[in-house]
Amino acid sequence: MALELAEAEKGKTETVEMNVIEAINRAMDDEMLHDDTVLILGEDVGKDGGIFRVTDGLMDKYGKERVIDTPLAESGIAGTAIGLAVNGMRPIAEFQFSGFSYQAFHQFESHAARMRKRTQGGITLPLVMRMPYGAGVRALEHHSESRETYWIHTPGLKCVIPSSPRKAYWLLRASVRDPDPVMWMEPKYLYRRGKEEFEVGPDIGIDPLPGALIEQEGDDVTVVSYGASFQVAAKACETLEEEKGISVELIDIPVLSPYDSETVNKSVRKTGRCVVFHEAHRTLGMGAEIAARITEEEETLFRLEAPVVRVTAPDIIVPLLTREMAYLPDQGRLVEAVEKVMDYGS
Amino acid sequence: MALELAEAEKGKTETVEMNVIEAINRAMDDEMLHDDTVLILGEDVGKDGGIFRVTDGLMDKYGKERVIDTPLAESGIAGTAIGLAVNGMRPIAEFQFSGFSYQAFHQFESHAARMRKRTQGGITLPLVMRMPYGAGVRALEHHSESRETYWIHTPGLKCVIPSSPRKAYWLLRASVRDPDPVMWMEPKYLYRRGKEEFEVGPDIGIDPLPGALIEQEGDDVTVVSYGASFQVAAKACETLEEEKGISVELIDIPVLSPYDSETVNKSVRKTGRCVVFHEAHRTLGMGAEIAARITEEEETLFRLEAPVVRVTAPDIIVPLLTREMAYLPDQGRLVEAVEKVMDYGS
Amino acid sequence: MEEGRSERTVPSRRWSDRKEKQMPRSEVDWPNEVTYLQILDADGKVDEDLEPDLPKETLIKLYKTMVLVREFDAARLRLQRQGEIGTFAPSTGQEAAQLGSICALKDSDWFVPSFRETAAQVWRGAKLENDLLYVAGFEEGMALPEDTRDLPISIPVGSQVPHAVGIAWASKMRDEDTVTMCYFGDGATSEGDFHEGLTFAGVFEVPVVFLNQNNHWAISVPRERQTASKTLAQKALAYGIPGVQVDGNDVLAVYAATKEAVDRARDGDGPTMIEALTYRMGIHTTADDPTKYREESEVEKWRERDPIDRMRVYLMDKGHMDEDDDEAWREEAKKEIKAAIERYRDNVPDDLGSMFEHTVAERDPYLERQRKELMDYWERAGVEVGH
Amino acid sequence: MEEGRSERTVPSRRWSDRKEKQMPRSEVDWPNEVTYLQILDADGKVDEDLEPDLPKETLIKLYKTMVLVREFDAARLRLQRQGEIGTFAPSTGQEAAQLGSICALKDSDWFVPSFRETAAQVWRGAKLENDLLYVAGFEEGMALPEDTRDLPISIPVGSQVPHAVGIAWASKMRDEDTVTMCYFGDGATSEGDFHEGLTFAGVFEVPVVFLNQNNHWAISVPRERQTASKTLAQKALAYGIPGVQVDGNDVLAVYAATKEAVDRARDGDGPTMIEALTYRMGIHTTADDPTKYREESEVEKWRERDPIDRMRVYLMDKGHMDEDDDEAWREEAKKEIKAAIERYRDNVPDDLGSMFEHTVAERDPYLERQRKELMDYWERAGVEVGH
Ligand SMILES: Cc1ncc(C[n+]2csc(CCOP(=O)(O)OP(=O)(O)O)c2C)c(N)n1
Ligand SMILES: Cc1ncc(C[n+]2csc(CCOP(=O)(O)OP(=O)(O)O)c2C)c(N)n1
Ligand SMILES: [Mg+2]
Ligand SMILES: [Mg+2]
């Protein structure tokens, strides 16, 4: 590794305001300073800085040996990333859109997810598969799905989706350090939507991947969300609180797998009501699991005062750009759903 | 199409006793007689007759233009099958194991599932993707998973899993005739386990794909299952009825997508109890959706007298052969689960 | 840039350097020829010995389509920059590669595009207003008639290659003399689907022509970082398929090579892969900024080899057109585009419920419930198309 | 079957037939040489000019390992037929291809197997009892030490190829002079993963050697129906990688070609692909019945080229062994296998809960709950390993 870094730069911390793209870029930058086995590979991540500019500047800084423009071959990217991880590196592989990660599905399912098991812990794969996902940015077909279910249902893979710049920064760094393969999905709807101020630095302390995060305490109803939808949910909850006087317990589940149902179910036992809000399809979207974990647990189920409502995208292919915002679950739908569940038993 | 068929053979019907392998073989045979656009392609399906002998004899009968041994390339198989379907054929593509279908995941997700949408109905894809799945036959790694979730969560794909020889015969013929791509998963655990007698013939009437099938009416508890698990469930229900006097409503859901929750929920409204039984992983396995559909429906949820219990395989990689039977949900677990849900409110 | 080839060379593989370290071996004899064809030189001068026999009307139609599509790219770019339509991939610079090849097909042949073949699509009869509808974000623009022989564009790179093979295979099974032509870029040759598709094509000897537009870039990745192989054409040989290179900005060379390949396929002699050396003159798509990764000087050099300019010289030399024609045809093209834009604007749909159509043939009650829920909500909340 | 090549030929591509229909073109100059190497002829006679300089101990160790693994295949087959172990893929017939190549690696090099490389695994130090444990259905047999330089077998065909490239790439990044060797079969060359792996290897010039065992069959699909390319070696050229063919039943040729490729990689001169022409003498796996799809006469012909017989002749000619040695070594092998079977039987695990281990590093409470549920149930219901 030719790069010579001033120790000074490594120790430095600072407080900066960033959007999600900047936060992810900075997270990789700091992680690469912190650990010189970290590298980035993918299509157009180098000279171009990524088609969303998420890796902008990193090739200039770390060289084309650590920020690598690959041929156009996703299974090649995933497969060589696995090999790199086997042999001592911590690769961050970018898939240009989650919709083009399926070319490498078998590498995720058959190898990334199983190497630990298949060597009884002898070989572990610390690698991150980054992929932008989700609708709302006027993209082309195949560019807008939200199919985290594929990864959540696959034992051996973790799945992480941040919902703000600060979380993107911290969770990505935690994912890079995680000893297991992380399917890291970036809500591109949030890429440039809003900044957050927080402390960063190559050597600052990074907590490991968390469970469910109670972002706002409340008594009347539990709202569970993640990713781009989480921010919509947060706004809806403000409205609900301010305009309707409904006290929402708002939970973010950035780590979808393993899913921390203990925290969510505990909240539902308190509120007696649960609304799930996500842009994945309804059928076997994460909401199904959230509902099932509630329903299978006696002490939670029998505290329910209303059906567990799933406010989600429908079970159809994401429409083209003029209809995608209507397809996406919006604030209004969540507000209505919460009002409806509040009507039960009152 | 060189094959010359006596019209007599086409009209003939007969009653035969078959196991699942024979039934699937016969279904393809009869369908190929019935419709000369039907063809079979896959690895080792021709001369070898398939590694499970499911296509045995068909190449001899229909020639190597209609029963095609392909190169070892799953995306090639899926992709050319799509092209064949575009251009007037009804291909039945075999993937040697569902665990090796992921090499073609992107062809299923990006094309098979979307061609109808992407041409606004101009091009439709009548094709069947056959793949053996499931544990219990002492197979190697990667050969034993039950990952129907991947297909069920993908709009545009249908997913069908038969649970007996007769159903295999009828459902496969219905799948071949279906105008949309069907992910057809074969429970290899049932391949040679038990025969059934039923009527067959190239030109007999074939009902289209069904909804949920109430296989046994009952009052106390609804048990929902499918595939290889269904037969285990059926035996458990006999035990429950005979030994414990529990009246089970037993439902088979051979068509997992689209999932007919109306029938299941109606049953649950009657019994007030539901146990799901499948060998897919728990988290985001089909049981999650079954539970969620119950829980989101006021009139069903509030009829529940017990939690919706999921008796499933755990969220781990299928173990090797000496431990796979312990991994698989068995009769005993279902019996215990049903007894437990019966204990509530009594 | 002699003969349309890139100046850049692939990294030296140091093959021969090691020769003296190797023990003597026998050479395997195998069909390993790759040829290169050019008919119009960079200035548009024709090699008369090689000149194909194309009727004047066809030549003029080719030229006019080139001009139309070039203008259409410009018009779409304006609409995109104004926010009226979304992302698209321009054909600019690749008109000869697309039109020289597509014009070798019959209507009854199959056309399998990638995502950058507007010129070829227009030749096949695609309506500009449908393209606009699609790019503007309306599924209605994707409608294809039931008896179409054109596939919709394929966005996942390379994934259409096995489709083309399957389509051609079905034609062969029915003993039709139909040919399938499949387009893809230089980047696409790295995808597994390219490999699996060509493997099948070779083994089953199906009547397909693989038309590779090597425009030297896959977004920001230059051809020589895409693969260490010296040419893309030689990749065909790995599948027992002949591979040829042509000057892709020379409409006559593209036509001649494609025609030979199409005839070969139609005669039952199997597939061919053609590497058309061309250049993506502009942006990858409207989301792209090429100044991030390539030198303007490289673009300049290719500008001198513009396929439209070269064809104009050729047609003028032949006396098929003059400056006035050129002017008139350009105006005609602009008018046609303007009319198409109007037709598109007049036909902008305003319903939302159609997003539920064409998922599968039947209606699933649970999905119908979702549709109803949503439609009721849209009504209540005043949600509209394009909101 | 001269020089170890299959008699069967790929379907004529009718390339040249069309020559007269084509217009003249210039030929592209590209590195298109494929060579073939044989050192021991079919009878075991050595070409002394080419004979590699291998010490006697190595030669004898190679021979003894061949014998051991051949015997181990037979022993495993017996255990499998008795129901004691599950399915496995025998190496029989391919011992020279595996051992001639693997012996060119250092311990510090990386070994990336497919699923049929028992001989190579044993050379690398794999314990027979672990293999038995694995084949008998116990994950414990898969345990690899943390500092291993061997990957576990890869069952999804071809999927290991990009892993090998990644491993080699990491070595290159760290400027180590480590080489990675990757095994795969003829069938694997049709998979997209082969293509993508070799594309990366070519572009990034990583120190990897691709060792293709062309055993002429992929289950029931013969080599010439797998791809229309005349050789598999020529496929390497599509990636700017040299491709060579060797007689894969000639341990010396395999060694010599591999050694050159390994040296080349170690010197930083990039990847090589070797096609070792060999034959799968027996079943594909224990689930297979080759009489369904191939002629015994073909097998017979290859039996005359048995790699062990040929090496025996060579070693005897050199005076490195005699009949008594042969007898003694075979007995030794059998004893070793017997002891391994005993060790395996003595170590058969009896716990079930371990199936929950090694999913991810931490324990997920919900998964722990599932573990507890199941363990309690197993206890109550008396469920046991292998039940
Ligand atoms: C499977 C897949 N991976 C990535 C992308 C994103 N992407 C779109 S076009 C493109 C480059 C294509 O290059 P090339 O094949 O040369 O075609 P060109 O754009 O030059 O016409 C990429 C990487 C995609 N659409 N599909
Ligand atoms: C991706 C994938 N598809 C199918 C299979 C089933 N299968 C196992 S081995 C095999 C044939 C492999 O042939 P080859 O690569 O020549 O290796 P060989 O068995 O001859 O050593 C097949 C089809 C698989 N394991 N993986
Ligand atoms: Mg390109
Ligand atoms: Mg083989």
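Contact count against chain A (heavy-atom pairs under 4.5 Å) is highest for D:F200 among D:Y134, D:F200, D:W169. Looking only at heavy-atom pairs under 4.5 Å with chain D, the residue among A:P71, A:G156, A:P258, A:A85 that has the most is A:P71. Among the candidates D:V112, D:V360, D:V206, the residue making the largest number of heavy-atom pairs closer than 4.5 Å to chain A is D:V360.
Below 4.5 Å, heavy atoms of chain D meet heavy atoms from A:M115, A:R116, A:K117, A:R118, A:T119, A:Q120, A:G121, all part of residues 114-121 of chain A. Among residues 148-167 of chain D, the residues having any heavy atom closer than 4.5 Å to a heavy atom of chain A are, in sequence order, D:T148, D:D150, D:L151, D:P152, D:I153, D:S154, D:P156, D:S159, D:P162, D:H163, D:V165, D:G166, D:I167. Annotation: residues 366-376 of chain D contacts chain A through D:Y366, D:R369 [non-hydrogen atoms, separation under 4.5 Å]. Heavy-atom proximity under 4.5 angstrom to chain D picks out A:H106, A:Q107 from residues 96-107 of chain A.
Interface remark: A:N87 contributes backbone and side-chain atoms alike to the contact with chain D (heavy atom separation under 4.5 Å). If you measure heavy-atom distances from A:D178 to chain D, the contacts under 4.5 Å come from the side chain alone. Residue contact with chain A, scored on non-hydrogen atoms closer than 4.5 Å, is absent for D:T178. Proximity to chain A is limited to the backbone of D:E357, based on heavy atoms less than 4.5 angstrom apart. For a residue to count as touching a neighbouring chain, one of its non-hydrogen atoms must lie under 4.5 Å from one of that chain's; by this rule A:N265 does not touch chain D. For chain D, no part of A:E109 is nearby; none of its heavy atoms comes within less than 4.5 Å.
Residue-environment remark: NZ (A:K266) stays at or below the threshold of 12 foreign heavy atoms within 6.0 Å. Counting non-hydrogen atoms of other residues, nucleotides and ligands closer than 6.0 Å to CG of D:D346 gives a total above 12. Around CD of A:E299, the count of heavy atoms belonging to other residues, nucleotides or ligands within 6.0 Å exceeds 12.
Closest of all the heavy-atom pairs between D:F204 and A:T70 is CZ-CA, 4.1 Å.
Note that CE of D:M173 and CG of A:L39 are 5.0 Å apart. Values are rounded to the nearest 0.5 Å.
Looking only at distances, a side-chain donor or acceptor of D:E196 sits under 3.5 Å from a matching main-chain atom of A:S75.
For the pair D:D364/A:Y259, no side-chain contact is recorded, criterion being any heavy-atom separation below 4.5 Å from C-beta on.
Contact check on D:R174 versus A:E65 returns no salt bridge, with no Lys/Arg side-chain nitrogen under 4.0 Å from an Asp/Glu carboxylate oxygen.
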